[in-house]
Amino acid sequence: MFDRELEEATSHIRQALAGLSLPSPEEIVWAPIPFAGQWGYGTAACFQVAAAQARANPGTQVKRRAVELAEQVVRKLEPVSGFARFAAENAYINAYFETADYAARVVDACLQSGPDFGRGEPQPDRLMVEYAQPNTHHSFHIGHARNAVLGEALARIAEFAGYETIRASYPGDIGLGVITCIWAYDKFHRGQEPEGVFARGRWLANIYTEATALVTPKDNETPEETRQRQTYDAERRELLRRWDAGEPEVRRLWERTRQWSLDELLEVLKLLGISIDVFFLESQAAELGKSIVEELVASGIAEDERANNGPVIVKIDEKLGMKKEKYRTAVILRSDGTALYMTNDLALARLKFEKYHVDRSIYVVDFRQSLHFQQVFKILELWGFPQAAKCYHLAHGFVTLPAGAMSSRKGNVIYFMDVYEEAVRRVKAIIAEKNPELSAESREEVAGQIGLGALTYAMLSVDNTKDIVFDWETALSFDGQSAPYIQNAHVRANSILKKVARLPEAVSFDYGLSEHETTLINLISRFPMLVQQAAREYKPLLMAGYAFELAKSFHGFYHAVPVLQADRDDIREARLRLTAATRQTLANCLGLLGIKAPNVM
RNA sequence: GCCCCCGUAGCUCAAUGGAUAGAGCGCCUGACUUCGAAUCAGUAGGUUGUGGGUUCGAGUCCCGCCGGGGGCGCCA
């Protein structure tokens, strides 16, 4: 927002240094001055110059020299429009903005752009973000929710930052686990089908858990139990073979139950505000994958050990000439010729590049699969895909329970819908207490927005790499650093603004601004740059932290600074516009996180 | 054995190589006849696991060690 001014200041500094017969650093970097209350940007350029001198003249004290230099440079600096003054402080060169101009420019720019405030210029790269890939025949749990919420936030941020963004989902709809579920369904529950999308999905997931228990060896099995289990195991493997052979009866059973899971997935995604552009199903990738394996064997990248009852493998470290084992050996096709996860991911990558023409491909998958994706990307590289360098595995931590990992197979999972419903229940109780006059209709809508917001925020306010230990009180916290706190700031801003018929036209901020106001304006001015940074670093956390900062500043402002009751009309108008700009920025920022900004709560 | 991630306040977590390492929760003390108290103001809390190195400057980068988690040929 202040690129032009800072560029001008940069060239002035270079001139001043030249005037002192000193070389300029290659790059002069500006950062916001950390002290609250006064606005501006500062640069540590003098440290670099002093350091260079110290290298030439040993014995030079760098810090003292940097302080001297900053003072000398500032004395020689010509005024730059937009800046009130330059100051040498602590060896930094600080440029302070013209208060009234700066405030008006920030607020006007925000209100003029409205929902587009912070949106970046269109970028040439096309991105695909792949996320929300639970297996079918399971039910959507809180760990899936973290993945989905994180991927969606990334997609929104990338899109807003200016990249054309395609949202992709890749449910795993086949594999021995899926077949095990179908086997048990057909054997013990044939023809049954509960009412309701969520109830049905959950019911199917329970069958999966029960079925897994039936085929898993137990301690202290009786011979009778062992025989039974082995029979069951043989049955499900036979079913997999029949599936692979394409038997219509098995396929129909599979497709029907799969649809139950996909129906549930779509409902959950809808609830989360996620609209996927491209669905890849794992089962559809197998055929292409197998042909790719043949290609890799033919080109000498892969080795076919099937003649010796082995699988098809790629010795990645060897191919790369690595001394230490790092990427190891990847199995890309089973010895019986059936496709693996790896087979399918190779096919999928190729589809992304060749059919959807993506320049950058982002895989949002938990970090347990880091090696898998490193192998995929390296094989793509060996294969000759230039886009391999632009594949990125966003490895995120997973959601565990205080007692340990969740496991669909073991059935000890926290389902997303249970948490969501509990969140809504709690929010409703609070509304009943704090805002009883809210209409029943609004109450329903708002409770969903707040409850889901709290849950979403709890997942996005932790850095990608960290695990989240799920507990109800933390996940559904409505106080402190939480979505409801931020949403409440939005509501409070709105409650002021709805009392005026029309927002005043652009006004001057030429009065003594309080620190509360300067802090707000400073934060608002930084939003567009932050969007770019979050997109570049794949870090929704930055937006989550920022939204809280902004809300906190607004709450402070709201408490201490009168808006409607301001002493003078011009101050009142300026503060109304500042309030509106804050509301807009809060809404935009929450929107990037996939969190709704209600007008009442 | 090898590879990846993490270690910051009692707890949960922040901090583009830059200025005095910050929030929230919890504890304690205050503020609603006031634009909505789901709020605000204040108190207390630190040898950033550890030892070196690079740098004008390191929580951040490099190496070693300690501790925790994950992964390593036909699960996904």
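A, B, ... follow the sequence lines: proteins, then strands. Residue 1 opens every chain.
One P atom belongs to B:rC13, the other to B:rG7, and the distance between them is 10 Å to the nearest Å. Spacing of C1' atoms, B:rA21 relative to B:rA14, comes out at 10 Å, to the nearest Å. With both ends at atom C1', the span from B:rG64 to B:rG18 equals 28 Å, rounded to whole Å. Between the C1' atoms of B:rG53 and B:rA41, the separation comes to 46 Å (whole Å). With P as the reference atom, B:rU29 and B:rC66 are 47 Å apart, rounded to whole Å. Nucleotides B:rC32 and B:rA38, compared at atom P, are 15 Å apart to the nearest Å. Distance check on atom C1': B:rC6 versus B:rU50 gives 16 Å, rounded to whole Å. A gap of 23 Å separates the C1' atoms of B:rC63 and B:rG70, to the nearest Å.
For the pair A:Leu530 CG and B:rA15 C1', the computed distance is 13 Å after rounding to whole Å. When the C1' atom of B:rC75 is taken as reference, atom CG of A:Leu333 falls 15 Å away, rounded to whole Å. What separates CG of A:Asn344 from C1' of B:rC75 is a distance of 13 Å, to the nearest Å. Atom NZ in A:Lys378 sits about 14 Å away from atom C1' in B:rC3, given to the nearest Å. Regarding A:Gln481, its CD atom lies at a distance of 15 Å from the P atom of B:rU12, rounded to whole Å.
Residue ring and base: A:Tyr92 does not count as stacked with B:rG18 (centre distance below 5.5 Å and interplanar angle below 30° not both satisfied).
For the pair A:Arg368 and A:Phe398, the cation-pi criterion (under 6.0 Å, within 45° of the ring axis) is fulfilled.
The aromatic rings of A:Phe373 and A:Tyr341 stand perpendicular to each other, their planes meeting at an angle above 60°, with 30° marking the opposite boundary. Ring planes of A:Tyr92 and A:Phe47: perpendicular class, angle over 60° (limits at 30 and 60°).
Under the Watson-Crick or G-U wobble criterion, with both distances below 3.5 Å, B:rU20 has no partner in any strand shown. B:rA44 is unpaired under the Watson-Crick or G-U wobble criterion, no partner having all donor-acceptor distances under 3.5 Å. Applying the Watson-Crick and G-U wobble criteria (two distances, each under 3.5 Å), B:rA9 pairs with nothing in any strand. Look at B:rU55: it lacks any Watson-Crick or wobble partner with both distances under 3.5 angstrom. Across all strands shown, the partner of B:rG64 is B:rU50, judged by Watson-Crick or G-U wobble contacts whose two distances both fall under 3.5 Å. When both pairing distances are held under 3.5 Å, B:rG1 makes a Watson-Crick or G-U pair with B:rC72.
For A:Val62, counting side-chain heavy atoms from C-beta on, the closest listed nucleotide (B:rG73, B:rC56, B:rA14) is B:rC56. Side chain of A:Phe47, nearest nucleotide from B:rC56, B:rC75, B:rU16: B:rC56. The side chain of A:Ile33 approaches B:rA19 more closely than any other nucleotide in the set B:rA19, B:rG24, B:rG71. When distances run from any side-chain atom of A:Asn90 to the nucleotides B:rU20, B:rU16, B:rG70, the shortest one goes to B:rU20.
Annotated as anti: B:rC27, whose O4'-C1'-N torsion sits more than 90° from 0.
Contacts of A:Asp471 with the nucleic acid, taken as non-hydrogen atoms under 4.0 Å apart, are absent. The residue A:Val312 sits apart from the nucleic acid: no heavy atom pair falls under 4.0 Å. Within the 4.0 angstrom heavy-atom criterion, base atoms lie near A:Thr329. Heavy atoms of A:Gln369 sit under 4.0 angstrom from at least one base atom. Looking at heavy-atom distances under 4.0 Å, A:Leu176 makes no contact with the nucleic acid at all. Heavy atoms of A:Ser461 sit under 4.0 angstrom from primed sugar atoms or phosphate atoms, though from no base atom. No engagement by A:Asp366 is indicated, since no non-hydrogen atom pair under 4.0 Å with the nucleic acid exists.
The distance between the ring centers of A:Trp39 and A:Tyr41 does not fall below 6.0 angstrom.
A salt bridge does not link A:Asp336 to A:Arg334: none of the charged side-chain nitrogens sits closer than 4.0 Å to a carboxylate oxygen. Salt bridge absent: A:Arg577 and A:Glu573 never bring a charged side-chain N and a carboxylate O closer than 4.0 Å. Ion pair A:Glu549/A:Lys552 not flagged as a salt bridge, since none of the NZ, NE, NH1 or NH2 atoms sits closer than 4.0 Å to an Asp/Glu carboxylate oxygen.
You won't find any donor-acceptor pair under 3.5 Å spanning the side chain of A:Thr465 and the base of B:rC5, going by distance alone.
Side chains of A:Arg258 and A:Thr136: no donor on one and acceptor on the other come within 3.5 Å. Side-chain contact check for A:Ser514 and A:Glu517: at least one donor-acceptor pair (N or O, by modelled atom type) lies under 3.5 Å.
No donor-acceptor distance shorter than 3.5 angstrom exists from the side chain of A:Asp366 to the backbone of A:Gly143, with no hydrogens or angles considered.
Checking the phosphate oxygens (OP1, OP2) of B:rG57, no side-chain nitrogen or oxygen of A:Arg65 falls inside 4.0 Å. Side-chain nitrogen and oxygen atoms of A:Arg64 include none within less than 4.0 Å of the OP1 or OP2 phosphate oxygen of B:rC56. For the OP1/OP2 pair of B:rA76 and a distance below 4.0 Å, the side-chain nitrogens and oxygens of A:Arg368 include no atom meeting the criterion. Listed pair A:Lys539 / B:rA15 meets the phosphate criterion, a side-chain N or O lying under 4.0 Å from OP1 or OP2. A:Lys324 has a side-chain polar atom (N or O) that falls below the 4.0 Å cut-off from OP1 or OP2 of B:rC3.
The number of heavy-atom neighbours closer than 6.0 Å to CD of A:Glu437, taken from other residues, nucleotides and ligands shown, is above 12.
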Review point. Going 5' to 3' along nucleotides 33-40 of chain B, which nucleotides have protein heavy atoms under 4.0 Å from the base (write B), which only from the sugar-phosphate (write S), and which from neither (write -)?
Key: --BBSBSS
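The 5' end of RNA chain B is approached more closely, in terms of each residue's nearest nucleotide, by A:Lys466 than by the other of A:Ala44 and A:Lys466. When each of A:Ser477 and A:Lys326 is assigned the nucleotide of RNA chain B bearing its nearest heavy atom, the one mapping closer to the 5' terminus is A:Lys326.
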